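In this text, all values refer to a predicted model and were calculated from it rather than measured experimentally.
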Amino acid sequence: SRDSAAMAEPVANAAAPAPAPGRLRNAFGGVLCAFTLILIGVLAFSIRLFSVIKYESVIHEFDPYFNFRVTQFLSKNGIYEFWNWFDDRTWYPLGRVIGGTVYPGLTLTAGSIWWFVNALNIPLSVETVCVFTAPIFSAIASWATYLLTKEAKGTGAGLMAAAILAMVPSYISRSVAGSYDNEAVAIFALVFTFYLYVKTLNTGSLFYATLNALSYFYMVCSWGGYTFIINLIPMHVLLCIVTGRYSSRLYIAYAPLVILGTLLAALVPVVGFNAVLTSEHFASFLVFIILHVVAFVYYIKGLLTPRLFKMAMTLVITVGLAVCFAVVAILVALVASSPTKGWSGRSLSLLDPTYASKYIPIIASVSEHQPPTWPSYFMDINVLAFLVPAGIISCFLPLSDASSFMVLYLVTAVYFSGVMVRLMLVLAPAACILSGIALSSAFDVLTRSMKFQLSKLFDDGPAISGNGSPNGSSASTVNTSSSKNEKTEKSEAAPKEKQSKKNRRKDKEVTESVSVKPKKEKRLSVLPLEASIVSTLLLIALGGFYVVHCVWAAAEAYSAPSIVLTSRSREGLHVFDDFREAYAWLSHNTDVDDKVASWWDYGYQTTAMANRTVIVDNNTWNNTHIATVGTAMSSPEKAAWEIFDSLDVKYVLVVFGGSGWLP
């Protein structure tokens, strides 16, 4: 028995299946992909730290100071006090209800991070968390870009797009360390919502559809740009219906988003019933009705005979048109009573670029609301502007629901970025995704060509075709396919002899078309070795130029905080800290209840750093109040003093030019 067991042991070992090479390759590829994503996240985080290294850990710009002040209040008093907070230090004597007039996503996110790290006994201040929130979410946005691009064109394109987004200057301008604004988390929410929509479109999973609605809810909490999502996705659904690409997956991807997303959006106080009453949301409801009509038509088509289906179609079209006309009439009646037809001022300024300059000059006066110049595109997306057209072509080879969504996203983002320079931020992910697809497709063709040509070069067999062309790979492939076709024709020669001349001619045309088609495909997909190497080196050089530009933009162009000014001379770098010194003087030398008048740009900084009551601030919700302050500042001393005295103003913050900006 021992001998038999000893003999059976090597047999059992020999019978054990060896690990398949494909599995090892996939496992190694998965590990390499995960490691690459970690490096991309580290890159996205570290490239945004130049502001902290060159200056210090400080909040930038104007709006971030209000968000920082709100986060301080949230971390100190809790979420219930935050929702009911009436701020009497702004817009004196009117005040402002903070909980009902802000998008709480950024504040709640940073507050949750602060609570979490303090629960782990990591003593971080609220300001430190606020400074590094944007770089952290930049890394997460890069990973979300990978997931979205992977759903459309595979892993290679996803990694390429994620690496490009991690460095794109347009996104860096709004996500450097210290840029504590809504866009810091909103771009992640935007890309992740699109990913879940495309994922649901590819899988038809109700689980991903529910997650998509929750991600849309987070986007609504974070930024007013959520209206871009709720209009872009209906446009894509309508495009799929018109082009005959309707499926049950399309229904699952869209219907839960409209129902759950609208209900959740209405829970955000700053949105409320605007989720169903404003014109920005009406397109989603109209497409929702059209989708159900189309779904009903496809359903009854599977139940009825063609004759009965034709009769039912007539009835459905009649009833559907009547319902659509009734809905449109109701919508027209609802919006006709509004002077702006149910649209907000910023939405109207996007649809009509001249609207703001005509009716809302305070919006038109903001620099980030101006149309961009052509150099702005090269500054913010650089070489991506030349790669995007190639990415569009790649999306059509072949065209899928996911790739058509990418093209539609790009087209709409290009239009809106051309209207308002601030929306270059929305264009950045689309440009990165299309550029990543273009580079991935190009490297795929080039590396495959080099591998194929090198394998033929080192092969012992004949690699040159009969005609002696240097492109022996393609020619040999064609010769092989033609020889196969000759064998097939010889094997089928007997039955073909019995056919008529007309049928033989048709069969000959079919066989020729079949044999010619792979010949063309091979010639297009395989390039000469020299051309492949040169093209690869050029693309690598282009990528190096992009990296150098992004690092320069992050270090020099977008890292200087506006609260700290610098200048260079022969003696070196000079730092002007006049703003913070002025706010510190107000904080230490004035009474707590004193009122400070300033132009609205400096209202948030005054309340956050000086902790004094201001008349107007950057919220700009009351144009009359701003006009009163503007009248006072442009009037003679006596008239200005009377206006300021009526507002209980004790100090006026004046910013004038001289040796730098001196407040």
Engineer: Are Tyr377 and Trp374 close enough that their ring centres sit under 6.0 Å apart?
Structural biologist: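 Aromatic pair counts; centres sit under 6.0 Å.
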Engineer: Provide the closest heavy-atom pair for Gly418 versus Pro372 in the form atom of the first, atom of the second, distance.
Structural biologist: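 Looking at all heavy atoms of both residues, the closest pair is O-CD, 3.4 Å.
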Engineer: Any carboxylate oxygen within less than 4.0 angstrom of a Lys/Arg side-chain nitrogen, looking at Lys54 and Glu556?
Structural biologist: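 Yes, Lys54 and Glu556 are salt-bridged.
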Engineer: For the pair Ser403 (side chain) and Leu399 (backbone), establish whether a donor and an acceptor sit closer than 3.5 Å, ignoring hydrogens and angles.
Structural biologist: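 No, Ser403 side chain to Leu399 backbone: no donor-acceptor pair under 3.5 Å.
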Engineer: List for me each residue that meets ring-ring contact (aromatic ring centres under 6.0 Å, His included) alongside Phe132, sequence neighbours excluded, and say none if there are none.
Structural biologist: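 Applying ring-ring contact (aromatic ring centres under 6.0 Å, His included) to Phe132 gives none.
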Engineer: Hey, does the side chain of Gln605 reach the backbone of Glu61 with a donor-acceptor pair shorter than 3.5 angstrom?
Structural biologist: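 Checked: pair present.
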Engineer: Check the pair Val564 / Val575 against side chain to side chain contact (heavy atoms under 4.5 Å, CB included), numbers first and verdict last.
Structural biologist: CA-CA 7 Å; Val564 179; Val575 178; 3.4 Å; yes
Engineer: Could you label the plane-to-plane angle of the Phe62 and Tyr602 rings as parallel, tilted or perpendicular, counting under 30° as parallel and over 60° as perpendicular?
Structural biologist: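 Answer is perpendicular, since the angle exceeds 60°.
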Engineer: So, taking the atom named CZ in Phe416 and the one named CE in Met424, what distance separates them when rounded to the nearest 0.5 Å?
Structural biologist: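 One gets 15.0 Å once the value is rounded to the nearest 0.5 Å.
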Engineer: Mind listing the closest non-hydrogen atom pair of Met219 and Leu190 along with its distance?
Structural biologist: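 Scanning both residues completely, I find the closest heavy atoms to be SD-N, 3.8 Å.
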Engineer: Have His281 and Thr227 got a donor and an acceptor in their side chains that come within less than 3.5 Å?
Structural biologist: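 The criterion, which ignores hydrogens and geometry beyond distance, is not satisfied for Thr227 and His281.
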Engineer: Is it true that atom OH of Tyr208 has more than 12 heavy atoms of other residues, nucleotides or ligands lying nearer than 6.0 Å?
Structural biologist: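 No - once you tally the heavy atoms of other residues, nucleotides and ligands closer than 6.0 Å, there are 12 at most.
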Engineer: Anything under 30° is parallel, anything over 60° is perpendicular, the rest tilted; go ahead and classify Phe378 against His549.
Structural biologist: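 The arrangement is tilted - the two ring planes meet at 30° to 60°.
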Engineer: Is there side-chain contact between Ile381 and Pro169, with heavy atoms separated by less than 4.5 Å?
Structural biologist: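 Ile381 does not reach Pro169 side chain to side chain.
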Engineer: Would you check, one step at a time, whether the test side chain to side chain contact (heavy atoms under 4.5 Å, CB included) holds for Thr155 with Tyr146?
Structural biologist: CA-CA 8 Å; Thr155 304; Tyr146 160 76; 3.6 Å; yes
Engineer: Tell me if a side-chain donor or acceptor on Ser535 pairs with a main-chain N or O of Ser532 at a distance below 3.5 Å.
Structural biologist: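 No; zero donor-acceptor contacts below 3.5 Å.
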Engineer: Quick one: does Asn118's side chain have a donor or acceptor within less than 3.5 Å of a partner on Trp114's backbone?
Structural biologist: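 Such a contact is found between Asn118 side chain and Trp114 backbone.
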Engineer: Starting at CG of Leu434, measure out to NZ of Lys153 and round the result to the nearest 0.5 Å.
Structural biologist: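 Taking CG in Leu434 and NZ in Lys153, the distance rounds to 10.5 Å.
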Engineer: Where the side chain of Gln453 meets the backbone of Leu527, is there a donor-acceptor pair that is under 3.5 Å apart?
Structural biologist: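 Checking the backbone N and O of Leu527 against the side chain of Gln453, a donor-acceptor pair under 3.5 Å is found.
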Engineer: Are any of the side-chain heavy atoms of Phe194 and Ile229 separated by less than 4.5 Å?
Structural biologist: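 Yes. Closest side-chain heavy atoms under 4.5 Å.
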Engineer: Measure the CG-CD1 distance between Leu108 and Ile113 for me, rounded to the nearest 0.5 Å.
Structural biologist: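 The distance works out to 11.5 Å.
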Engineer: Would you say the side-chain atoms of Thr145 and Tyr195 include a donor-acceptor pair closer than 3.5 Å?
Structural biologist: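 No pair is found: no donor N or O on one side chain lies under 3.5 Å from an acceptor on the other.
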Engineer: One pair to check against side chain to side chain contact (heavy atoms under 4.5 Å, CB included): Ile392 and Val411. What are the steps and the verdict?
Structural biologist: CA-CA 10 Å; Ile392 296 176; Val411 171; 5.9 Å; no
Engineer: Examine distances only and state if a side-chain atom of Ser440 and a backbone atom of Ile437 form a donor-acceptor pair shorter than 3.5 Å.
Structural biologist: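 No; judged by distance alone, with no hydrogens or angles, the pair does not exist.
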Engineer: How far apart are the closest heavy atoms of Tyr254 and Ala283, and which atoms are they?
Structural biologist: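 Here Tyr254 and Ala283 meet closest at OH-O, 4.5 Å.
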Engineer: Would you mind reporting whether Asn212 and Thr193 have side-chain heavy atoms less than 4.5 Å apart?
Structural biologist: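 Touching, per the 4.5 Å side-chain cut-off.
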Engineer: Does Glu280 offer a backbone N or O that forms a donor-acceptor pair with the side chain of Asn231 under 3.5 Å?
Structural biologist: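 Pair found, side chain donor or acceptor close to backbone of Glu280.
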Engineer: At their closest point, which heavy atom of Ser417 faces which heavy atom of Leu427, and how far apart are they?
Structural biologist: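 Minimum heavy-atom separation between Ser417 and Leu427: OG-CD2, 3.6 Å.
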Engineer: Kindly indicate, with the supporting measurements, whether the criterion side chain to side chain contact (heavy atoms under 4.5 Å, CB included) is fulfilled by Val551 and Met167.
Structural biologist: CA-CA 8 Å; Val551 172; Met167 299 180 290; 5.8 Å; no
Engineer: Using the ring of each side chain (for Trp, its six-membered ring), is Tyr197 parallel, tilted or perpendicular to Phe405, with breaks at 30° and 60°?
Structural biologist: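 Tilted, since the angle between the ring planes falls between 30° and 60°.
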Engineer: Could you pull out the closest heavy-atom pair between Val388 and Ser435, with the gap in Å?
Structural biologist: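 Residues Val388 and Ser435, closest heavy atoms: CG2-OG, 3.8 Å.
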Engineer: Give, for atom OG of Ser138 and atom CD1 of Ile172, the distance between the pair rounded to the nearest 0.5 Å.
Structural biologist: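 So the gap between those two atoms works out to 8.0 Å.
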Engineer: How many angstroms lie between CD1 in Ile433 and CG in Leu410, if you round to the nearest 0.5 Å?
Structural biologist: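 Reported value, rounded in 0.5 Å steps: 9.5 Å.
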Engineer: Can you tell me how far the CZ atom of Phe137 sits from the CH2 atom of Trp143, to the nearest 0.5 Å?
Structural biologist: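 One gets 11.0 Å once the value is rounded to the nearest 0.5 Å.
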Engineer: Do Ser179 and Tyr558 have side-chain N/O donor and acceptor atoms under 3.5 Å apart?
Structural biologist: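 Tyr558 and Ser179 do not have a side-chain donor-acceptor pair below 3.5 Å.
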Engineer: Taking Ser222 for the side chain and Ala186 for the main chain, is one N or O donor matched with an acceptor at less than 3.5 Å?
Structural biologist: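 No.
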Engineer: Any luck finding a side-chain donor-acceptor pair between Ser559 and Ser51 under 3.5 Å?
Structural biologist: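 There is no such pair between these side chains.
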Engineer: Examine distances only and state if a side-chain atom of Thr149 and a backbone atom of Gly158 form a donor-acceptor pair shorter than 3.5 Å.
Structural biologist: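 Checking the backbone N and O of Gly158 against the side chain of Thr149, no donor-acceptor pair under 3.5 Å is found.
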Engineer: Run the ring-centre check on Phe68 versus His60 and record whether the distance is less than 6.0 Å.
Structural biologist: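 No.
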Engineer: Give a yes or no on whether a salt bridge exists between Glu127 and Arg69, defined as a side-chain N under 4.0 angstrom from a carboxylate O.
Structural biologist: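 Salt bridge absent between Glu127 and Arg69.
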Engineer: Is a donor on one side and an acceptor on the other found under 3.5 Å between the side chain of Asp617 and the backbone of Asn619?
Structural biologist: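 Yes.
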Engineer: Do the side-chain N and O atoms of Ser376 and Thr373 include a donor-acceptor pair separated by under 3.5 angstrom?
Structural biologist: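 Judged by distance alone, the side chains do pair up.
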Engineer: Please name the pair of heavy atoms, one in Gly41 and one in Ala139, separated by the smallest distance, quoted to 0.1 Å.
Structural biologist: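 Scanning both residues, the minimum pair turns out to be O-CB, 3.5 Å.
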